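Reviewing the structure listed below.
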Amino acid sequence: MRTRSSIETRAWEIVIPAPGGEFVAHYSTRGLCGLEFPARAPQHRRRVSTAHVPARVRRWHAATARALEQALAGRPPKTLPPLDLSAGTGFQRRVWSALRRIGWGRTRSYGQVARAIGRPKAARAVGTACGANPIPVFVPCHRVLAADNRLGGFSGGLDWKRALLRREGIMRPGRGKSQRRRHP
DNA sequence: CCCTAGCGGTGCT
DNA sequence: AGCACCGCTAGGG
């Protein structure tokens, strides 16, 4: 397995307005290749190349926007745009494809994902690969929790992880899984 | 609750 | 090649 796949450039980035702020979707020639959560701090958004966007990419984007809207409204998206996950290492892509097999409203532990991809002792590396997931929400790294059923981490911020889990009915609105609290 | 050792992938020297 | 990260985990106090 190769260590690094060919790099597909992010040719287009398009904003998606949402209640919590603006998501940014990135597209390559192969499909959706990145999704950013709204920036925490108000931020002068960089140049967005919406000009000359091919019709195909606009269709993908329509699918992305609709799917994101559904997911944030607490209903499983019916269809997704094509996902371009080619920018990952072999290990990362294995992890990401395992994540896509975790159904809406279900969870796994990092160790379970590690076993599912045939690397039973690589739980920690699975966490790192989750953190490198370029398409959160649709590649549901938020459904992976620590083995003791705590929340684990989330590169988009634990508030988002909690919010997504709640939308799927996994966490009770008020109380929830306790948070990892080591050296703050 | 705390701490520790062991773990594997990644990225930087 | 070496090494310091880490969204981890099992085991022990």
Side-chain angles (χ1 to χ4, degrees), chain A residues 1-10 18 20-21 23-26 28 30 32-41 43 67-68 71-72 74 76-77 80 83-184:
Chain A
M1 103 182 58
R2 64 218 148 135
T3 58
R4 185 65 68 107
S5 62
S6 62
I7 295 148
E8 188 68 24
T9 55
R10 300 175 154 212
F23 285 75
V24 183
H26 297 257
S28 69
R30 310 214 268 242
L32 178 68
C33 62
L35 185 64
E36 294 178 52
F37 287 104
R40 320 185 134 256
Q43 187 170 324
L68 184 60
L72 296 181
L80 297 180
L83 306 186
D84 177 7
L85 293 168
S86 63
T89 64
F91 179 83
Q92 289 168 339
R93 294 204 270 177
R94 279 186 186 216
V95 171
W96 299 338
S97 71
L99 300 185
R100 296 184 65 186
R101 275 176 239 124
I102 309 175
W104 179 271
R106 307 287 307 283
T107 64
R108 296 283 187 280
S109 71
Y110 295 95
Q112 284 179 310
V113 174
R115 292 192 284 276
I117 63 170
R119 296 275 198 295
K121 288 179 282 194
R124 193 166 193 179
V126 165
T128 307
C130 287
N133 168 24
I135 315 181
V137 184
F138 300 148
V139 177
C141 55
H142 60 280
R143 294 179 193 144
V144 188
L145 308 177
D148 57 7
N149 219 40
R150 289 198 296 185
L151 209 46
F154 197 67
S155 34
L158 288 175
D159 288 344
W160 270 111
K161 188 168 187 174
R162 270 187 288 265
L164 293 169
L165 291 171
R166 268 187 215 124
R167 299 317 289 162
E168 302 189 21
I170 294 166
M171 285 180 69
R172 247 71 81 222
R175 54 210 335 98
K177 331 248 182 210
S178 49
Q179 180 172 343
R180 172 184 254 290
R181 199 194 63 78
R182 291 209 51 94
H183 321 282

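Lettering of chains follows the sequences in order, A, B, ..., and the numbering in each one begins at 1. Just so we're clear, the structure is a prediction, and the values are computed from it rather than from any experiment.
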Per-nucleotide pairing state of DNA chain C [Watson-Crick or G-U, under 3.5 Å; [ ] pseudoknot-crossing; | other strand] | ||||||.||||||

Should the pair Phe37(A) and Phe23(A) be assigned to parallel (<30°), tilted (30 to 60°) or perpendicular (>60°) ring geometry?
-> tilted

Donor-acceptor pair, side chain of [X] and main chain of [Y], under 3.5 angstrom:
X	Y	answer
Lys161(A)	Val144(A)	yes
Arg143(A)	Ile102(A)	yes
Arg94(A)	Ile117(A)	yes

Measuring only between side-chain heavy atoms, which start at C-beta, is [X] closer than 4.5 Å to [Y]?
X	Y	answer
Arg93(A)	Ser86(A)	yes
Arg167(A)	Leu72(A)	no
Val24(A)	Leu35(A)	no
Trp104(A)	Pro140(A)	no
Leu164(A)	Phe154(A)	yes

Reckon Gly131(A) touches a base, only the sugar-phosphate, or nothing at all at heavy-atom distances under 4.0 Å?
-> base

[X] [atom1] to [N] [atom2], straight-line distance once rounded to whole Å:
X	N	atom1	atom2	answer
Arg162(A)	dG7(C)	CZ	C1'	13 Å
Trp96(A)	dG9(B)	CH2	C1'	12 Å
Gln92(A)	dG7(C)	CD	P	13 Å
Arg93(A)	dT10(B)	CZ	P	11 Å
Asn133(A)	dT10(B)	CG	P	14 Å

Give each protein N/O atom lying under 3.5 Å from an N/O atom of nucleotides 11-13 of chain C, with the pair distance.
none

Between dG7(C), dC1(B), dT10(B), spot the one nearest the side chain of Thr89(A), thanks.
-> dT10(B)

Closest listed nucleotide, where the reference is the side chain of Phe154(A) and the choices are dG7(C), dC1(B), dT9(C) | dG7(C)

Let me know which of Val95(A), Val113(A), Leu99(A) forms a side-chain contact (heavy atoms from CB on, under 4.5 Å) with Cys141(A).
-> Leu99(A)

Trace of the side-chain contact (heavy atoms from CB on, under 4.5 Å) decision for Arg100(A) with Leu83(A) | CA-CA 11 Å; Arg100(A) 296 184 65 186; Leu83(A) 306 186; 3.6 Å; yes

Establish, with yes or no, whether the OP1 or OP2 oxygen of dC8(C) is under 4.0 angstrom from a side-chain nitrogen or oxygen of Arg108(A).
-> no

Write out a two-atom table: protein N or O, nucleotide N or O from nucleotides 5-8 of chain B, distance below 3.5 Å.
residue : atom : partner   : partner atom : Å
dG6(B)  : O6   : Arg124(A) : NH1          : 3.2

